[in-house]
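Report on the structure given below.
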Amino acid sequence: MLQLPERFASFDEARQQGFLKVKKLKEEGGKVVGTYCVFTPRELIFASGAVPVSLCGMNEEPISDAEEHLPRNLCPLIKSSYGFAITDKCPYFYFADLLVGETTCDGKKKMYEYLGKLKPMHIMQLPQTAEGERALSWWRDEMVLLKERLEQEFDTEITADKLLEAIKLCNQERHSLKAFYELGALNPPPLTGEQMLSVLYSTGFTIDKEAQKNSIDELIAAILADYEAGKNRIDPSRPRILITGCPIGGDTQKVVRLLEECGAVVVCFENCSGVKGHDQLVAEEGDLMTALADKYLNVACSCISPNDNRIDLLSRLIDQFNVVGVVDMILQACHTYSVETHRISQFVKDEKGIGYLAIEVDYSQSNLEQLRTRLAAFVEMLS
Ligand code: BJ8
């Protein structure tokens, strides 16, 4: 039987080996759809017989290539995603038959114009607000347009039965991921934030969702068995941190690593790599296109205005995970999340009465000591 550290390592390996699985899928005639955002209704992609893979760039490596076309003062996630696309360094991009993007922030929207010259591209026009019937019906229409595009692109019909099956599959994935990340609510926690993130991050690259569900269920059982036997309990005196803000993973894992090296433990990730995409299920009855529109309009993203959903979600998670500090990780030049820091800071400090720190980071690994100093001071204050 695999020991716990090996079980975590197997998720890293699954991510690294994921592209071999995609290559095999393509050789067998399968179709791949590249996605860039939690707003993408993956259910429609599965129902078309294709598999979705996340193409969000999380690494510094291709950024210098991207800067030949894009401004330097732009979000690293956008530059990295674009850099991977133009250099053919990302096998997932290479294998993608179709790309799907949404009109979220300005930088992403404009990048999609360029990506559309490299691959077939479908853009979903996201409403600017989640409030009111008009936004819901607009977004439902966009679901229908994506469905039609997928049917046309892959010469298939997305029937109600296929869609329902895909909705159930994705809901099951959400159930098992939720059970996994809610382990962080235990006190003392049974795993570190780095371990939690390695599993959450791997799911964007895993195409066999049934196998993924089984591995996560087994991992949960192993963690709980150790925990109940008194093993792998994190020191309860370590300040419990929630991370919010822009998507985290790849080169920004440095934030989690440094926080934990400074003596804290990250127990919850509210951002798109964590709870944000998995919190709400898609209804499995009624009009399924409306059900998709409803779920995917309520993503607590700063591109939506007003973004009250983020406050509601944060409030619930701060209580559930019993955190004493919130770190708001902003990617360099991300205006929407950056502007929201004022509201989030007031809410966390004044209404929840706990610590708050906003940090702006890029993907570089060269300024670690400066970052460490700021995080260490915050952890010390919480201790
Ligand atoms: S649902 S958070 S994945 S848009 S790319 S907004 S960091 S400047 S990634 Fe996002 Fe979808 Fe929202 Fe989630 Fe800022 Fe960079 Fe834009 Fe970004």
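Numbering of ligands and ligand atoms starts at 1, following listing order. Every heavy atom of this structure was used, including side-chain atoms; hydrogens, water molecules and symmetry mates were not. Nothing fancy with the numbering, it's 1 onward along the sequence.
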Hey, which atoms in ligand 1 end up nearer than 4.0 Å to a heavy atom of Tyr337?
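Under 4.0 Å from Tyr337, ligand 1 has these atoms: 2 (S).
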Which of the ligand 1 atoms, numbered from 1, are nearer than 4.0 Å to a heavy atom of Cys246:
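So the answer, numbered in order with elements, is 7 (S).
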Identity and separation of the nearest protein heavy atom to atom 10 (Fe) of ligand 1
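Heavy-atom neighbour on the protein nearest atom 10 (Fe) of ligand 1: Lys108 NZ, 3.7 Å.
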Heavy atom of the protein closest to atom 14 (Fe) of ligand 1 (residue, atom name, distance)
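Looking at atom 14 (Fe) of ligand 1, the protein heavy atom closest to it is Cys334 SG, 2.3 Å.
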Are any of the protein's heavy atoms under 4.0 angstrom from atom 2 (S) of ligand 1, yes or no?
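True for atom 2 (S) of ligand 1.
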Taking 2.8 Å as the upper limit, name the protein N, O or S atoms near atom 12 (Fe) of ligand 1.
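Listed by chain and number, the atoms are Cys301 SG.
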Write out all pairs satisfying side chain to side chain donor-acceptor pair (under 3.5 Å) with one or both partners inside residues 373-383, taking only residues at least two apart or from two chains.
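Counting only pairs at least two positions apart or across chains, no side chain to side chain donor-acceptor pair (under 3.5 Å) contact touches residues 373-383.
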Under the ring pair (Phe, Tyr, Trp, His ring centres under 6.0 Å) test, residues paired with Phe347 that sit two or more places apart
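So Phe347 forms no ring pair (Phe, Tyr, Trp, His ring centres under 6.0 Å) with any residue.
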For the residue pair Lys108 and Tyr36, would you count it as a cation-pi contact if the rule is NZ or CZ under 6.0 angstrom from the ring centre and within 45 degrees of the ring axis?
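Output no; distance or angle outside limits.
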Ring-face cation contact, Tyr227 with Arg233, 6.0 Å cut, 45° max:
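Yes; both conditions hold, so Arg233 lies above the ring face of Tyr227.
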Kindly write out the residues that satisfy salt bridge (charged side-chain N to carboxylate O under 4.0 Å, His left out) with Asp308, not counting sequence neighbours, or none if the list is empty.
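Scan of Asp308 (salt bridge (charged side-chain N to carboxylate O under 4.0 Å, His left out), adjacent residues dropped) gives Arg343.
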Under 6.0 Å between the ring centres of His69 and Tyr82?
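Close enough - the centres of the two rings lie under 6.0 Å apart.
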Is atom 15 (Fe) of ligand 1 less than 2.8 Å from an N/O/S atom of Cys75, whether that atom is in the backbone or a side chain?
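True for Cys75.
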Flag yes if more than 12 heavy atoms outside Phe154 fall under 6.0 Å of its CZ atom; otherwise flag no.
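Check passes, neighbour count above 12.
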Once you restrict to heavy atoms under 4.0 Å, what part of Ile78 touches ligand 1? Side chain, backbone, both or neither.
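Just the side chain.
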Could you walk me through whether Lys162 and Glu165 satisfy the salt bridge (charged side-chain N to carboxylate O under 4.0 Å, His left out) test, starting with their C-alpha distance in whole Å, then the side-chain angles of each, then the deciding distance to 0.1 Å, before giving a yes or no?
CA-CA 5 Å; Lys162 285 186 197 169; Glu165 199 186 318; over 6 Å; no
Please tell me whether Leu99 and Met124 are part of a single hydrophobic cluster in this structure, the criterion being side-chain heavy atoms less than 4.5 Å apart.
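Different clusters.
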